[in-house]
Number of protein chains: 2
Amino acid sequence: MPDQNEFENLLTNRNLKRTKTRILVLEVLKDSSPKTVDEIFSTLYQNHMKLSLSTVYRTCETLTEKGILSKVNLTDDGVARYEYMKSEHTHHAICLGCNKIIPIDDCPYGQFDQIMKSKYGFDVKSHHIEIYGYCQDCIRKREEKE
Amino acid sequence: MPDQNEFENLLTNRNLKRTKTRILVLEVLKDSSPKTVDEIFSTLYQNHMKLSLSTVYRTCETLTEKGILSKVNLTDDGVARYEYMKSEHTHHAICLGCNKIIPIDDCPYGQFDQIMKSKYGFDVKSHHIEIYGYCQDCIRKREEKE
DNA sequence: TTAGATGCAAATGTTTTGCAGGGCT
DNA sequence: AGCCCTGCAAAACATTTGCATCTAA
């Protein structure tokens, strides 16, 4: 299992112990859309993994501090989501019809850092962009209704 | 007080009663950066206005449903913020040093809707952009330290 | 061996809700 | 008058924390 080694390196490089929970959480989030702590916990729990919800909270927090995960506020439901931090820069499109989360490869932000610096004296470190609208499936369904 | 009338029209146009709490909440948020429910409540409470926290929650929710306010998740602190919905399109820069929220007039998004449509078949209705970094004040303070 | 991880339960903080009373139209 | 709005207190959730126990290094 190649991911196992990748995860173990990620952890040891940052002076984190290679524990069962941390590797399980990384396995769930790798190649997944952003998940809530409860979703991560439930996924593992249903797979008969024994672990505690508060440990998942602590794990996500630690992995975020170390830059392995990223905490995102995509929705207004008051629940935080975590995603595997990819080296590539990705944004999301969220469907208002079915809440599907679609990763977007392109970035609309462009060279805006320069404007932020010259106009506002602001030194940009990162940005989040979320795009809301309707996905292909929902557009099709709406058309079928008519 | 011209705002009073503006607010009353906003409410009556949407079949909402013109109540004291609603007008007070709108007064606080108009021309303000996004505030948490507790900040809105405290501001009014300190001005000797008698009202209940749960009413402020309900008011913000109602005004958001009617498109008068907008609920935003700018920070990772797990607390929702509301802002007065401006007709102009505004984004925010959030300072990682002092948490100051700076409104940004320009929009880096440009004509990205077209790419979303052609590449993802996604029909964009809105977008949120948050920019994180360091404001002028924090940059200056950091330089002084050195 | 020992600092760091975990499990459990209790605490915290935010947001929601039920219900009775009050205010707007 | 009638329905919507509000206050209060309690409930519901998400998240954090204290402490004893365990475990990777």
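Quick caveat: nothing in here was measured; it's all calculated off a predicted structure. Below, read A as the first sequence line, B as the second, and so on, with proteins coming before strands; counting in each chain starts at 1.
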Legend entry - Integer-rounded Å distance: dT14(C) C1' and Arg81(B) CZ: 12 Å

Legend entry - Whole-Å gap separating C1' (dT14(C)) and CD (Glu39(B)): 13 Å

Legend entry - Phosphate-side-chain proximity, Thr19(A) and dA24(D), N/O vs OP1/OP2 below 4.0 Å: no

Legend entry - Phosphate OP1/OP2 of dT6(C) contacted by Arg58(A) side-chain N/O (<4.0 Å): no

Inset, instruction - From the options dA3(C), dT15(C), dT6(C), select the nucleotide whose nearest atom is closest to the side chain of Ala80(B). - result: dT15(C)

Inset, instruction - Could you tell me the separation between the CG atom of Leu44(B) and the P atom of dG7(D), rounded to a whole number of Å? - result: 11 Å

Inset, instruction - Could you check whether Ser54(A) gets within reach of a base, just the sugar-phosphate, or nothing at all, counting any heavy atom under 4.0 Å? - result: base

Inset, instruction - In whole angstrom, give the distance that lies between atom CG of Leu53(B) and atom P of dA11(D). - result: 18 Å

Inset, instruction - In sequence, state the C-alpha distance, the side-chain angles, and the governing distance for His128(B) and His91(B), and then conclude on side-chain hydrogen bond (donor to acceptor under 3.5 Å, both in side chains). - result: CA-CA 7 Å; His128(B) 291 171; His91(B) 299 300; over 6 Å; no

Inset, instruction - Looking only at non-hydrogen atoms, find the nearest pair between Cys60(A) and Val37(A) and report the distance. - result: SG-CG2, 4.3 Å

Legend entry - Nearest-nucleotide comparison on DNA chain C, the residue closer to the 5′ end among Val79(B) and Arg18(B): Val79(B)

Inset, instruction - Name the residue closer to the 5' end of DNA chain C, choosing between Thr36(B) and Lys20(A) according to the nucleotide with the nearest heavy atom. - result: Lys20(A)

Inset, instruction - May I ask you to evaluate whether Thr21(B) reaches the phosphate of dT6(D), defined as a side-chain N or O under 4.0 Å from OP1 or OP2? - result: yes

Inset, instruction - Determine: side-chain N/O of Thr55(B) to OP1/OP2 of dG7(D), distance under 4.0 Å, yes or no. - result: yes

Inset, instruction - Using only side-chain N and O atoms of Lys50(A), determine if any of them is under 4.0 Å from OP1 or OP2 of dC8(C). - result: yes

Inset, instruction - Let me know the distance between CG of Leu11(B) and C1' of dG23(C), rounded to the nearest Å. - result: 15 Å

Legend entry - Residue closer to the 5' end of DNA chain D, Glu61(A) versus Arg22(B) (nearest nucleotide): Arg22(B)

Legend entry - Shortest non-hydrogen contact between Ile139(B) and Gly121(A), atoms and distance: CD1-O, 3.5 Å

Legend entry - Nucleotide dT6(D), atom P - distance to CZ of Phe41(B) in whole Å: 14 Å

Inset, instruction - Give the rounded distance in Å between these two atoms: CG of Asn15(B) and C1' of dC5(D). - result: 15 Å

Inset, instruction - Please determine if a side-chain N or O atom of Tyr57(A) lies less than 4.0 Å away from the OP1 or OP2 oxygen of dT15(D). - result: yes

Legend entry - Approximate separation, where rounding is to 0.5 Å, of Lys30(B) NZ and Phe7(B) CZ: 5.5 Å

Inset, instruction - Send over the distance from Asn13(A) CG to dA25(D) P, rounded to a whole Å. - result: 13 Å

Legend entry - Pair Asp106(A)-Tyr120(B), side-chain donor/acceptor within less than 3.5 Å: yes

